[in-house]
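Residue numbering restarts at 1 for every chain, and letters A, B, ... go by the order of the sequence lines.
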Amino acid sequence: MGILAPLFFAGLAGLALPLIFHLVRRIPRGRQEFSSLMFLSPTPPRLTRRSRLDQIALLLMRLAALSLLALAFTRPFLRESALLSLQDLPRRRVAILVDTSASMHRGTLWQQALQQVEKELEGLAPQDDLALYAFSDRLERLADFASNKGDNAGEAQANVPAAELVRPRIKELKLTWATSNLGLALRRVAEELDAAADVQQSLAEPQLVVISDFQKGSRVEALQGFEWPKRLQLIERRLETPKPTNAFAQLLASDEAAPDEVRVRLVNAADSTGDQFFVRWADASIAEAATKTAAKLDPRRAVEGETAVYVPPGQSRVVKLPRPPKLLADRLLLRGDEHEFDNTFYVVPPRKQEITLVYAGDEADNDPQAMRYYLKLATTGDPLREVQLPALNPQQPDAKLLEAMRGPLPPQLVVAVEAGSAEWQAALKTYVEQGGTLLFVPRDQKELASLPQLFDGLEISDATPRRGENDFALLGEIDFTHPLFAPFANPRYNDFTRIHFWNSRAVKLKTQPVKDEPMNPATPHVLARFDDGQPWILERSMGQGRILALTSGWQPDDSQFAVSTKFVPFVISLLDLACGTTQPLAGVVVNEPVPLPTLLADKRTTPLTVQTPDGQKLLLAVGETKFEQATMPGVYTAGSGTDELRFAVNLAEAESDTASLPKESLEQLGVRMGRDVTRAQELSHMRQQRDTELESRQQTWRWLLAGCVGVLILETWWSSRAARVERQSAEAVA
Amino acid sequence: MPPVEKNAKSATHPRGSFLDPAALMRIKSLELRARLVVQGFLSGLHRSPYHGFSVEFTEYRQYTPGDDPRYLDWRLYARSDRYYLKRFEDETNLRCYLLVDLSRSMGYGSLEYTKADYAKTAAATVAYFLSKQRDAVGLVTFDTQIQEILPARFRPGHLHRLFLALERSPAGKGTDLTAPLEQVARTARKRGFVVLLSDLLAPPESLELRLGYLRSQGHEVAVLRVLDPAEIDFPFNQAAMFHDVETDRELYIDPVFARQQYQSRFAEHAAAVRSLCTRLGVDLYDLPTSQPLEHALFDLLNSRMRRGRQVARKAGVSR
């Protein structure tokens, strides 16, 4: 015998009513008017008669009617089968998804996460399927359904509960520094859970348990447009830390006009409680000292070297933070929040690139009619490069310089304006073949004669050189895909029509290059032509180096190029081509592939060594153009010597947005949130469901209600009979 | 002067020869009721207890200095050479004040009519009777305070106004005899006859002072105590919540147990009132509402007649 709604037993309290009614009759119903009560005093109640209930039969009938009514409302039924056990619960397919992103470094979140995984495993029934995933910006499968219930696990493991098989894998969960892409992870796992392989799997109830801090920076865009499986429920295990304050600092790109004014942006999370932060430049030693003394410092006062910044929660501030002149700072340190994991922003310490550019010509460096003068002006004042511009006479080359050109550290670029002696030409050839870059600009028609020696298939044309104010050539065709002209590719900068060329040395290509034919490295490749089709810039590669030639120089006798706005970018582009780029890599985040510059990528013959911030040395195979193992924040160093590339890897900005992601935002994307029910609750729910079914089949309440009505009819008849008898006896007495 | 005993009177007057009070009360007009009662009653003048110039001689009295020499009987002086004053039975006009209690307790009645109805009829009857004798009649109705006042007059229409005043007097609240008795004492300077119609369901102590004051002013006071038979016999049998109509108090009473106590307390109260009246020289007449009205008048007038003679006799003895 079971009862569906025991709460209605409270209706039995109604049994007091007939009792009260039967006792209430003791109070005299009669009311007698009298002129004055001055001669009367109240008569005490006669206890012997009044405490006795009369009309016992009526009372019993009324009690019975009420009891039957209350019992009918409790909806009793007869239980047929035994009680349910955990084994009777439907089989589930549970996927546990653990967040291993950088924001889990906060407080005790990671410990909580591991404990939660253990708890989930304990809550599983033996027949349940289980898969374990870790996610950050990528999804990692630690244990899938097949591994604990599949065929390859063997018959011996078939009876072992899934939880026991997965438990050793928990140790493989590792906290990373990557950003979290919750949307992608949910999507992948949901797809996997939805794809049932057999009937047994499709009958099992799929569940996705997500153990995460659900920070606002977790990307959920991937769920947009994704149709969430109808049966799949997401059970949210939200980990929380009692200290919400979190901020991060970020270096903004410097303004080119004022490279010394470094701007730093500070962002405070929306749910922070603190609003006072301190930021400073630091190197490794300062950072170490700061970590040791962090606990002793006053959280509201700046120490020496720090700049105080007030940032209200949910807002950001940009401050100027000049680099300390004598400090080789490689990081920004933030103090004032409660979580350390994102308080360091790494930057590559600036270092001037030292370049030697040999000018082969006999002009004075202060002659405004000569090319050297303009080349010197264009290369000085670059904050990122220090260019040495030694000159030599090609007719009598300096032995020291010649030696240097052959040595292990040759000059990066040689600009020659005349052919020079045979010795010099031989030295140049060797230099170029070893990887040097030569820019040959024939000063006059005489010097042009040596050009066909450098370029095969080129002959000097006899065209008359132009003269005169109104007789000039313009550039007609430029190959903007070439690295030399790539900076001008933007339509805003690609207007070369204001540059007038008065003098040019006419050359002619013997054979026009045919498309889709492998190019002979010795044949010239025209990068720019004049409007009459004459080549202006020619290029060829030789050995590991390259030769560039200009048929018209930049000196005022030849053209307006030196005084145009295009000249300085052109020289910088030329230096980039010769020495590699000087631009530091901006905004590299953890796990992002780092593109290697051409020098490091193309010209390597040996594996490249990359040193990680924790001192580990990784080897990058020949032919690799990207470094993909930036798994932690810090400064990485690739290569060595002049080819050394240093790049800073930082945490993704989104990872510092640690405010809690509202549950609704997931629901808006169509995710079905499941209720957090324990197995016992589920069991009782199932039991209740079965009882309801049983009760609705038996419908005992109808019989009880009919009994109640019957008793009430009997009661009515009985009371009317009693009243009639009483009336008759009263009349008889009267 | 002992008060007239109710039981003795009802024995002398057989029930059938009088008007049935229930039948009388069915007559709506108060005037008609009074006339009916009086017509069935005696006719003729009542004797005045006071001496003065009149027709009927009563006695002689020896002159003492200070007596009015107008009353000297010169003839007797001539005969006996002594000064005698000649005294006559006075036939003055009586000034009668009817004080009718209309408190809520008077609204009670176990018969077809209430005590107030009965009291009003009695008052109307007395007024009618006296005005027939050309006596001046005044009326004061009251509960806790005075409701109506008509000064004692004898003039055409006065009796009619008196009847109207009696009829429109509604049932009041509590009983307070102090105010009406004081009022009468203030306004009636001249000695007269004060008839109080009330159930006297109040502590007897409160009555004593006021009645004594009236008496000291020389008024003759008669109290007609109107009582319902249920108040006298307490004939209830069912236990019930008894509701005091005057104070709205409710008590649970089982009459079986309470009757004896009630009757003894009622008798005590009646005895206290009676002894009080005796002490003050006030005539007390019990008027159970079940008795014919004529009894009341008969008793009242009978006693007044007797008093008048006694006064005359006493005067004769003193001479």
Q: Please tell me if the side chains of Arg265(B) and Met38(A) come closer than 4.5 Å, counting only heavy atoms from C-beta onward.
A: no
Q) Could you state the interatomic distance from CZ (Phe39(A)) to CD (Gln263(B)), rounded to the nearest 0.5 Å? A) 12.0 Å
Q. Looking at CE of Met241(B) and CD of Glu33(A), how far apart are the two atoms once the value is rounded to the nearest 0.5 Å?
A. 12.0 Å
(Q) Let's go through Phe236(B) and Phe34(A) carefully: what are the C-alpha distance in whole Å and the side-chain angles of both, what is the deciding distance for ring-ring contact (aromatic ring centres under 6.0 Å, His included) to 0.1 Å, and is it a yes or a no? (A) CA-CA 11 Å; Phe236(B) 307 103; Phe34(A) 200 58; 5.6 Å; yes
Q) Does atom OH of Tyr113(B) have more than 12 heavy-atom neighbours from other groups under 6.0 Å away? A) yes
Q. How many angstroms lie between atom CZ of Arg259(B) and atom CG of Leu40(A), to the nearest 0.5 angstrom?
A. 11.0 Å
